[in-house]
Amino acid sequence: VQLQASGGGLVQPGGSLRLSCAASGVTIGSYVMGWFCQAPGKEREFVGADRRSTGSKYYTDSVRGRFTISRDNGKNALYLQTNSLKPEDTAVYYCALTVSRPIMSSIPDPSIHDYWGQGTLVTVSS
C-alpha cells in the first residue's frame with residue numbers, strides 16, 4: 001500500500017492550496033482516511049478525517065470552516081482543500097488510512113492509522 005501526498009507549496013496568508021493523496025495497492029472504498037500535520041518541533045496533529053461509510057467528516061477546531069476534506073473513489077484519492085491559510089498552518093501535511101473501523105473519538109490518534117503518505121510541505125508566509 002502506498003499513499004502519495006502532493007500539492008503543498010508556498011502561499012501567502014489568506015491563500016489556498018489543494019492537497020491530494022493518491023492511493024495505490026488498496027482501494028480506499030469505505031476506509032477512514034485522514035489528514036494530519038506536523039510543524040517543526042511539534043508532534044503530529046490531527047487536521048481532519050473522512051468516514052465514507054457514514055458520510056461523516058471530522059475537523060479539528062482550528063481548521064473547521066477553512067479546510068474541507070473530499071475523496072474521489074473513482075480516482076482512489078483523498079483531497080484537502082485549504083482556504084484562508086494562516087502562518088500557523090505551516091507544516092508538513094500527511095494523509096493516512098486505517099483499515100480498522102475506529103470509533104469517532106479515536107480517529108484523531110495517529111497511532112490507529114495503518115498507512116501514511118510521505119508528507120507535503122505547506123508554507124504560509126508573506
Side-chain angles (χ1 to χ4, degrees):
V1 175
Q2 287 192 330
L3 302 178
Q4 182 74 34
S6 62
L10 174 63
V11 63
Q12 293 186 341
S16 300
L17 285 173
R18 188 188 192 217
L19 308 185
S20 300
C21 176
S24 60
V26 64
T27 301
I28 64 174
S30 61
Y31 291 132
V32 171
M33 294 192 70
W35 288 96
F36 290 76
C37 68
Q38 187 165 18
K42 293 188 176 182
E43 294 185 351
R44 194 165 296 189
E45 297 179 344
F46 175 72
V47 174
D50 174 73
R51 187 197 293 266
R52 172 57 69 93
S53 62
T54 62
S56 300
K57 293 181 171 58
Y58 315 99
Y59 300 96
T60 193
D61 288 346
S62 63
V63 308
R64 189 174 292 113
R66 299 189 298 123
F67 291 9
T68 303
I69 291 176
S70 62
R71 73 165 79 190
D72 185 334
N73 280 355
K75 294 183 178 179
N76 217 33
L78 182 76
Y79 304 98
L80 181 68
Q81 177 67 43
T82 66
N83 298 327
S84 302
L85 283 162
K86 305 175 181 180
E88 52 263 42
D89 295 320
T90 295
V92 177
Y93 284 73
Y94 298 89
C95 56
L97 179 147
T98 175
V99 298
S100 65
R101 294 183 178 184
I103 58 175
M104 184 179 72
S105 61
S106 69
I107 291 175
D109 180 357
S111 69
I112 67 106
H113 295 271
D114 302 294
Y115 300 103
W116 291 86
Q118 85 290 358
T120 185
L121 176 62
V122 172
T123 303
V124 185
S125 175
S126 56

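Values in this document were obtained by computation on a predicted structure and should not be read as measured data.
Scanning all heavy atoms of the two residues, the minimum distance from Asp109 to His113 falls at O-CD2, 3.4 Å. Taking each heavy atom of Pro108 and Ser105 in turn, the nearest pair found is CD-O, 3.6 Å. What you find for Met33 and Cys21 is that their closest heavy atoms are CE-SG, 4.3 Å. Across all non-hydrogen atoms, the minimal contact from Val26 to Asn76 is O-ND2, 2.7 Å.
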Distance-only criterion, 3.5 Å: show the donor-acceptor pairs between side-chain atoms of residues 118-126 and protein atoms not counting sequence neighbours.
from, atom 1, to, atom 2, distance (Å)
Gln118, OE1, Ala5, N, 3.1
Gln118, NE2, Ala5, O, 2.7
Thr120, OG1, Gly8, N, 2.9

Side chains of residues 91-102: which donor-acceptor partners sit under 3.5 Å, not counting sequence neighbours?
from, atom 1, to, atom 2, distance (Å)
Tyr93, OH, Asp89, O, 2.6
Thr98, OG1, Ser100, N, 3.2
Thr98, OG1, Ser100, OG, 2.9
Thr98, OG1, Ile112, O, 3.2
Thr98, OG1, Asp114, OD2, 3.3

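Residues Arg71 and Ile28 meet the side-chain proximity criterion, which asks for heavy atoms closer than 4.5 Å.
Placement of Val11 and Tyr79 in two distinct hydrophobic clusters is found when ILVMFWY residues are connected by side-chain heavy-atom separations under 4.5 Å, directly or transitively. Both Leu80 and Leu3 are members of a single hydrophobic cluster when ILVMFWY side chains are connected at heavy-atom separations under 4.5 Å. A continuous path of hydrophobic side-chain contacts links Leu17 to Tyr59 [ILVMFWY only; heavy atoms under 4.5 Å]. Residues Ile69 and Leu85 are members of one and the same hydrophobic cluster, defined by side-chain heavy-atom contacts under 4.5 angstrom among Ile, Leu, Val, Met, Phe, Trp and Tyr. Hydrophobic cluster membership differs between Phe36 and Val63, with clusters built from Ile, Leu, Val, Met, Phe, Trp and Tyr side chains linked at under 4.5 angstrom.
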>> Assess the residue pair Leu78 and Trp35 against the criterion (side chain to side chain contact (heavy atoms under 4.5 Å, CB included)); give the C-alpha distance rounded to whole Å, side-chain angles, the decisive distance to 0.1 Å, and a yes or no.
In response: CA-CA 9 Å; Leu78 182 76; Trp35 288 96; 3.3 Å; yes

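Counting Ile, Leu, Val, Met, Phe, Trp and Tyr side chains that sit under 4.5 Å apart, directly or through other members, Ile103 stands alone, with no cluster partners.
When only modelled atom types and interatomic distance are considered, Arg51 and Tyr58 share a side-chain donor-acceptor pair under 3.5 Å.
More than 12 non-hydrogen atoms from other residues, nucleotides or ligands lie less than 6.0 angstrom from CD of Glu88. With a 6.0 Å radius and a threshold of 12 heavy atoms from other residues, nucleotides or ligands, Tyr31 has its OH atom at or below the threshold.
Rounding to the nearest 0.5 angstrom, the gap separating the CZ atom in Arg52 from the OG atom in Ser30 is 9.0 Å.
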